[in-house]
Structures are given as structure tokens and as C-alpha cells.
Amino acid sequence: MTTQEFLGKKEYTLHHQTVSESCPSNIALIKYWGKYDNQIPANPSISYTLNHCKTNTTMEFFADEPFSVQTFLAGQEEVKFAEKIEKYFRNIDQYLPWILQGRYIIRTENTFPHSSGIASSASGFGAIAKCLMNLDGSFSGETTGEESLRKASFLARLGSGSACRSLYGGLVVWGESQIKGSCDLFAVPYPNDEIHDIFRSFNDWVLLIHEGQKSVSSTVGHGLMNTNPYAERRFQEARENFGPMKEILANGDLEGFIKLVEHEALTLHAMMMMSDPAFILMQTGTLEVINKIWAFRKETGLPLFFTLDAGANVHLLFPDNGSEEQIKIFIESELLQHTQNNGVVKDVMNF
Ligand code: DP6
């Protein structure tokens with residue numbers, strides 16, 4: 001598969017049009033950290049797409065007006081975001097030849113709190129890419145479900161790498177790996193018949209340890225992998241981790257899953273600490289929570305574990321099978337105190 005497949009080749013008739021789309025966020029289990037030119041990932045990644053944390057976007061297109069973009073986030077005009085989207089549209093015009101031939105008003109809102117520190121770029125670019133493919137279908141008169149979704153994933157990747165995984169539900173893979181059909185240009189759903197039932201219904205409660213802007217953006221963090229002496233070994237390890245992950249997902253080995261997922265999270269943050277300049281996104285509360293989770297697991301044997309994205313928040317993972325009452329009580333009584341404002345976003349993955 002090459003980028004040629006995604007070049008815009010159709011005939012288009014442009015007109016005034018408003019489209020609305022929604023896209024969920026996702027949380028990686030094997031992490032994408034490090035990339036090459038044109039948003040090609042240095043290693044494959046796999047994520048869970050969330051159910052509740054979403055971005056809802058409405059895009060209004062005014063045909064045959066000079067190209068410009070105006071954006072509103074939760075009703076507030078956001079000039080910086082508009083500049084970012086303008087740059088993004090210019091960057092993808094070979095794939096959507098009509099894209100610079102009009103004016104846009106984009107209104108977007110997240111179902112999760114704005115200040116939460118939960119990454120909105122995955123759901124945000126996912127929703128924008130879906131809106132663009134919706135317009136593309138309307139202007140060309142051709143809508144092809146599966147192909148259009150794949151192109152939306154391809155376009156979302158060019159906005160933010162992890163966004164390409166948000167176009168599909170459940171477990172999703174991005175990057176060339178031993179998973180059938182996977183490639184660097186877009187994400188694909190993990191083969192459905194190779195997933196044990198235990199992984200089909202999972203809780204992800206996000207503890208908001210630190211709300212607000214993080215000190216180093218993902219884009220800068222990815223860049224620092226270029227000079228990280230451990231980067232090559234890390235990329236190789238992530239590729240290798242697809243071996244055990246595949247087996248674990250097929251045979252329902254929850255213990256193996258916990259070990260691998262926590263290892264991936266800690267490796268991501270270890271890479272940050274070994275960057276030059278070094279940076280640390282975890283906060284005191286992050287470490288307190290991790291230690292408490294480990295002590296709880298040792299004591300009770302219950303399957304509560306964590307992953308981290310590029311920030312201080314802790315994603316608490318545990319199966320959603322009706323027997324998790326003790327885990328929920330523990331979170332409320334022992335872990336919530338380490339958040340900034342008793343902040344927790346309760347999400348779930350069901351597929
Ligand atoms: C730690 O997708 O936000 O969440 O491609 O520069 O937009 P850009 O980066 P982004 O990086 C996500 C990094 C991560 C791991 C992951 O989601 O796989």
C-alpha cells in the first residue's frame with residue numbers, strides 16, 4: 001500500500017455544506033513514541049478506543065470563497081487551533097484536491113473536561129478527518145464506507161499519529177507489525193476472532209493527577225527520540241512486544257497482559273528521562289498511585305493495573321465483568337486523593 005492510493009482523483013462539484021462527526025479518544029497499550037518524516041511511526045502500536053471520551057465536530061464549508069479556517073472550541077474562538085488546522089489542510093491538499101477552495105467554520109467540543117490533560121488531539125483530528133471525508137463524499141457523489149474510513153484514518157495520522165487509531169472501535173493497530181493487514185500509513189482493527197472475551201469489556205478510569213498544559217508536548221517528545229541513544233532498542237522492543245501481545249490477546253492471559261501493558265507505560269516514561277534534555281511528565285501523585293496499585297494487587301490478587309500517556313494522569317485499567325466492586329471502592333478511597341481536584345473520568349471499552 002502506498003500514499004498513491006489516497007491521491008484525490010475524482011470529479012468534484014463543490015457547494016455550501018455543513019457536516020457533523022464524532023470521534024472517540026484512544027489509549028495505547030504498546031506505545032507509539034518516535035517517528036520519521038511524514039508521520040511514519042518508528043514502531044507499531046496498539047490501542048483501545050474509548051467509549052465516552054469523544055470530540056464532536058461540526059464543519060461548515062463555504063464553497064468558492066478564499067481559503068480560511070475559523071475554529072471554536074466549546075463556543076470560544078481559538079485562533080491558534082485555527083492556524084494549526086490551516087497548516088494541516090495545506091499539507092493534505094494532494095489527497096483532497098478541493099480542500100483549499102473554500103472557507104471553513106469548525107466548531108468542536110470534547111465530552112471530557114477541557115483542562116483535564118486528556119489528549120484531545122487523537123479524537124480531535126479523528127473527528128476532523130471524518131468531517132473531511134464526509135464532505136469529500138458529498139462533493140464527489142461517491143461514498144464508499146470502508147475505503148472512506150481507511151482514508152479518514154490515513155488523513156487523521158497526518159494531523160496527529162495516534163489519531164489514526166481512533167477511527168476504529170475496540171483494539172486497533174497502527175504500524176507495520178506481525179498483525180495481518182497492519183501498515184504505517186493508517187490503522188486497522190485488530191483481528192476480531194483473535195481476541196479473548198476477557199479483553200472485550202474493560203474499564204479505563206483516568207485519574208486526573210495534573211490538570212492543564214503539560215510541560216513538553218508529544219511532538220517535542222517524539223523529536224527527542226531522534227537523539228536518544230536507547231531509541232533503536234526501544235523501537236525493536238515495541239515490535240517484539242507484538243509477539244507476546246498476540247498470544248496474550250488470544251488466550252486471555254490477564255497476568256501477562258498486566259505485565260506487558262505496565263512495562264510499556266514505564267518504558268515510555270523511561271525514554272523521556274533518557275532524552276537530552278531529559279524531562280519527566282509524571283508527578284508525585286503518579287508515583288504514589290502506581291505504588292498503591294502494586295501493593296493492592298499483591299495483597300488482593302485483583303486485576304487492577306495502569307497505563308500512562310504522555311502526561312501525569314494515570315489510566316486505571318480493570319476488567320468490566322461485574323466483579324470489580326472491590327477495585328472501585330479501593331480507587332475511590334485510596335487513589336482519588338492523589339488527584340488535583342478529585343478528578344476522575346470513568347470510561348469503558350466494550351466491543
Ligand atoms: C504517548 O499522536 O500525540 O500517547 O503524532 O506528534 O501528534 P503526534 O503525537 P501523538 O503521540 C502519542 C504518544 C502517546 C502514545 C500513543 O498514543 O501511542
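Both ligands and their constituent atoms are indexed starting at 1 by order of listing. When a residue number appears, it is its place in the shown sequence, counting from 1. Keep in mind that the numbers below use all heavy atoms, side chains included, and drop hydrogens, waters and symmetry copies.
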Engineer: For ligand 1, which atoms have a heavy atom of G161 less than 4.0 angstrom away?
Structural biologist: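 Answer for ligand 1: 2 (O), 5 (O), 7 (O), 8 (P).
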Engineer: In plain terms, say whether E109 and K54 are close enough for a salt bridge, that is, a side-chain N and a carboxylate O under 4.0 Å apart.
Structural biologist: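 No, no charged N to carboxylate O under 4.0 Å.
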Engineer: Would you verify whether the NZ or CZ of R157 falls within 45 degrees of the ring axis of F154 while also being under 6.0 Å from that six-membered ring's centre?
Structural biologist: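 Yes, a cation-pi geometry.
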Engineer: Judging by distance only, is a nitrogen or oxygen of S162 under 3.5 angstrom from one on ligand 1?
Structural biologist: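 S162 vs ligand 1: N/O contact under 3.5 Å present.
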Engineer: Between Y32 and W174, how do the two ring planes meet: parallel, tilted or perpendicular, split at 30° and 60°?
Structural biologist: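 Rings of Y32 and W174: perpendicular, over 60°.
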Engineer: Is there a donor-acceptor pair closer than 3.5 Å between any side-chain N or O of N313 and the backbone N or O of I209?
Structural biologist: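 Checked: pair present.
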Engineer: Could you tell me whether K151 and E147 make a salt bridge, using a distance below 4.0 angstrom between a side-chain N and a carboxylate O?
Structural biologist: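 The answer is no: the pair does not qualify as a salt bridge.
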Engineer: Just go through R157, K31, R165 and tell me whose heavy atom is the nearest to atom 17 (O) of ligand 1.
Structural biologist: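 Of the listed residues, R165 has the closest heavy atom.
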Engineer: Heavy atom under 4.0 Å from ligand 1: found in I27's side chain, backbone, both, or neither?
Structural biologist: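 It is neither part, as no heavy atom is under 4.0 Å.
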Engineer: Please identify which atoms of ligand 1 are closer than 4.0 Å to at least one heavy atom of A28.
Structural biologist: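 The list of qualifying atoms is 16 (C), 17 (O), 18 (O).
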Engineer: With heavy atoms of Q39 as the reference, note each atom of ligand 1 found under 4.0 Å away.
Structural biologist: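 Per the distance check, 5 (O).
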Engineer: Please could you name the atoms of ligand 1 that T219 approaches to less than 4.0 Å, counting only its heavy atoms?
Structural biologist: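 In order of numbering, the contacting atoms are 6 (O).
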Engineer: What atoms in ligand 1 come closer than 4.0 Å to a heavy atom of K35?
Structural biologist: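 Going through ligand 1 atom by atom, the ones under 4.0 Å from K35 are 5 (O), 6 (O), 8 (P).
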Engineer: Counting both backbone and side chain atoms, is some N or O of H222 under 3.5 Å from an N or O of ligand 1?
Structural biologist: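 Yes, there is a polar N/O contact under 3.5 Å.
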Engineer: Please identify which atoms of ligand 1 are closer than 4.0 Å to at least one heavy atom of A310.
Structural biologist: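 The list of qualifying atoms is 1 (C).
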Engineer: Checking contacts here: is it the side chain or the backbone of S160 that comes within 4.0 Å of ligand 1, counting heavy atoms only? Could be both or neither.
Structural biologist: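 The part of S160 near ligand 1 is both the backbone and the side chain.
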Engineer: Salt bridge check, K31 against E264: does any charged N sit closer than 4.0 Å to a carboxylate O?
Structural biologist: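 No, this pair does not count.
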Engineer: Less than 4.0 angstrom from a charged side-chain N to a carboxylate O is my criterion; do K80 and E83 meet it?
Structural biologist: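 Yes, charged N to carboxylate O under 4.0 Å.
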Engineer: Please list, chain by chain and in numerical order, all residues satisfying salt bridge (Lys or Arg N to Asp or Glu O under 4.0 Å) with K259, sequence neighbours excluded.
Structural biologist: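 So K259 forms no salt bridge (Lys or Arg N to Asp or Glu O under 4.0 Å) with any residue.
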